[in-house]
Amino acid sequence: MTDKKKLFNTKVIHGGHKEDKETGAVMPPIHLSSTFKQNSPGDFNYEYARTNNPTREILEKLLAEIEEGKKAFAFSSGMAAINCLSDAIGRDYHIICSDDVYGGTRRIFDKVKNVNQNIEISYIDFNKEDNWPGHIKNNTKMIWVETPSNPLLKISNIQKIKKETSNDNIIIVCDNTFASPYNQQPLKLGADVVLHSSTKYLGGHSDLIGGAIIIKENNELSNKIKYLQNAVGSVPSPFDCYLLIRSIKTLAVRMERHNSNAMIISNFLQNHPKVKNVRYPGLDSDINHKIAQSQMKGFGGIISLELDTNLEGTLKFLENIQIFTLAESLGGVESLIEHPAIMTHASIDKKIRNELGISDSLVRLSIGIEDPEDLQIALENALDLI
């Protein structure tokens, strides 16, 4: 039998490492040392743990493998990854960005990068804008796509964006946090860079903070990111790297359950009289369903819904729901629920939130891997209160 490329579920379990050479341990050890012995000045495998660490190196190899990239870099948070990538591009440049993105992404672009590095950002709805390439300028360096988006779950057609980007020097970046590498492979669809908040589905257990950048095949950009990763030092601890390696091993089985549970719950919610609108790309009725079908293996565990009530009724629903924990973040094995306008997207100006459709009655669900019948009962009981 000839060798063939490993499939996804094999890669998440075996990618990045084999048994430990010294002990035979199946799981890689956690290397907590901050510094390493040199054979002679400048002659070493590892120098200093901020620069490189054996546990982090295993994680980065694993991330590159599951995203079909050439190089990967781990960071202390998703925001640290965004900061490093935008710094690697330079200053005095222009970004075209999905209009509906995580509030922290807008905050760092508008209130940090624009101010400190003179980076200009044009926010575009790639599905509605007929001539979005008309926004490309001479100094456009990056197209930032978040798909599915946060919190409205818009789906951007990555292949179409790549095809319509005539300038090969413009880097297409895809925030793949909501999909996970199991459900979507942006680098195979035309993206140049994939970014993650590893805190979410990659970690999967709500017990770590992390970020990641995966590069398709741009050595110059990879070298800049590696330099900045060391120079700025926003790296994850060896223990967090170990937790991510461990968690990624179950990514496929977790995502299958997230996908199936979210499909069940979204079907239930779209027929409920107290729900005005359900946003979930797995629904046939969703405006983005066909695009999602074309580029996603599964549709993820995030559902956004607009309740048929006002802010007071929405808060009553959120304060009384059972099983779902009212908390920020997503992607853990437990189900979470949050209010974007007050919580994750509060840093976005209210006028912009209103233009996007982030209303006071919009809530976002992160569907966990519990029994879906229990989740449905919890939602139904809370909806009955409004």
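Note that this is a predicted model, so its numbers are computed, not measured. Reckoned from all heavy atoms, side chains included, excluding hydrogens, waters and symmetry mates.
- Qualifying salt bridge (Lys or Arg N to Asp or Glu O under 4.0 Å) partners for D100, counting only residues two or more places apart in sequence or in other chains: none.
- The CD1 atom of I96 sits 10.0 Å away from the CD atom of E120 when rounded to the nearest 0.5 Å.
- Exactly one of T140, I119, N138 qualifies for a side chain to side chain contact (heavy atoms under 4.5 Å, CB included) with Y93. That residue is I119.
- Counted by atom type alone, N288 and N127 present one or more donor-acceptor pairs between their side chains at under 3.5 Å.
- For the residue pair N176 / E67, a side-chain donor-acceptor distance below 3.5 Å is found, with atom types taken as modelled.
- For the residue pair D110/Y123, the side-chain donor-acceptor check at 3.5 Å is satisfied.
- Defined by atom type and a distance below 3.5 Å, a donor-acceptor pair is present between the side-chain atoms of Q229 and E60.
- Side-chain N/O atoms of S222 and N219 include no donor and acceptor closer than 3.5 Å.
- Counting non-hydrogen atoms of neighbouring residues, nucleotides and ligands closer than 6.0 angstrom, the CZ atom of F44 exceeds 12 such neighbours.
- The closest donor-acceptor contact from the side chain of Q117 to the backbone of G90 lies under 3.5 Å.
- The pair D286-R279 does not count as a salt bridge, with every side-chain nitrogen at least 4.0 angstrom from each carboxylate oxygen.
- Side-chain contact check for E370 and S335: at least one donor-acceptor pair (N or O, by modelled atom type) lies under 3.5 Å.
- Ion pairing of K71 with E217 is absent here, as no side-chain N (NZ or NE/NH1/NH2) approaches a carboxylate O to less than 4.0 Å.
- A salt bridge (charged side-chain N to carboxylate O under 4.0 Å, His left out) check over residues 247-262, counting only residues at least two apart or in different chains, returns the pairs R257-D371.
- Under 4.0 Å is where a charged nitrogen must lie from a carboxylate oxygen, and between E164 and K160 at least one such pair does.
- Ion pairing between a basic and an acidic side chain is recognised when a charged N comes within 4.0 Å of a carboxylate O; D384 and K274 show no such pairing.
- Residue pairs meeting the ring pair (Phe, Tyr, Trp, His ring centres under 6.0 Å) criterion with at least one partner in residues 199-243, sequence neighbours excluded, are Y201-H258.
- Judged by distance alone, the side chains of N218 and D192 never bring a donor and an acceptor atom under 3.5 Å apart.
- Side chain to side chain, Q295 and Q184 meet the donor-acceptor criterion of an N or O pair below 3.5 Å.
- Between Y102 and H345, the angle of the ring planes goes over 60°, which puts this pair in the perpendicular group of the 30/60° scheme.
- Look at K224 and D87 and you find no salt bridge, because none of the NZ, NE, NH1 or NH2 atoms lies under 4.0 Å from a carboxylate O.
- Between the side chains of H94 and S122, at least one donor N or O sits under 3.5 Å from an acceptor N or O.
- For residues 286-323, every residue pair satisfying the ring pair (Phe, Tyr, Trp, His ring centres under 6.0 Å) rule, not counting sequence neighbours, is listed here: H289-F299.
- Among residues two or more places apart in sequence or in another chain, the salt bridge (Lys or Arg N to Asp or Glu O under 4.0 Å) test is passed with R107 by none.
- Side chain to side chain, K141 and N169 fail the donor-acceptor criterion of an N or O pair below 3.5 Å.
- For S285, the side-chain hydrogen bond (donor to acceptor under 3.5 Å, both in side chains) test picks out Q270, with sequence neighbours left out.
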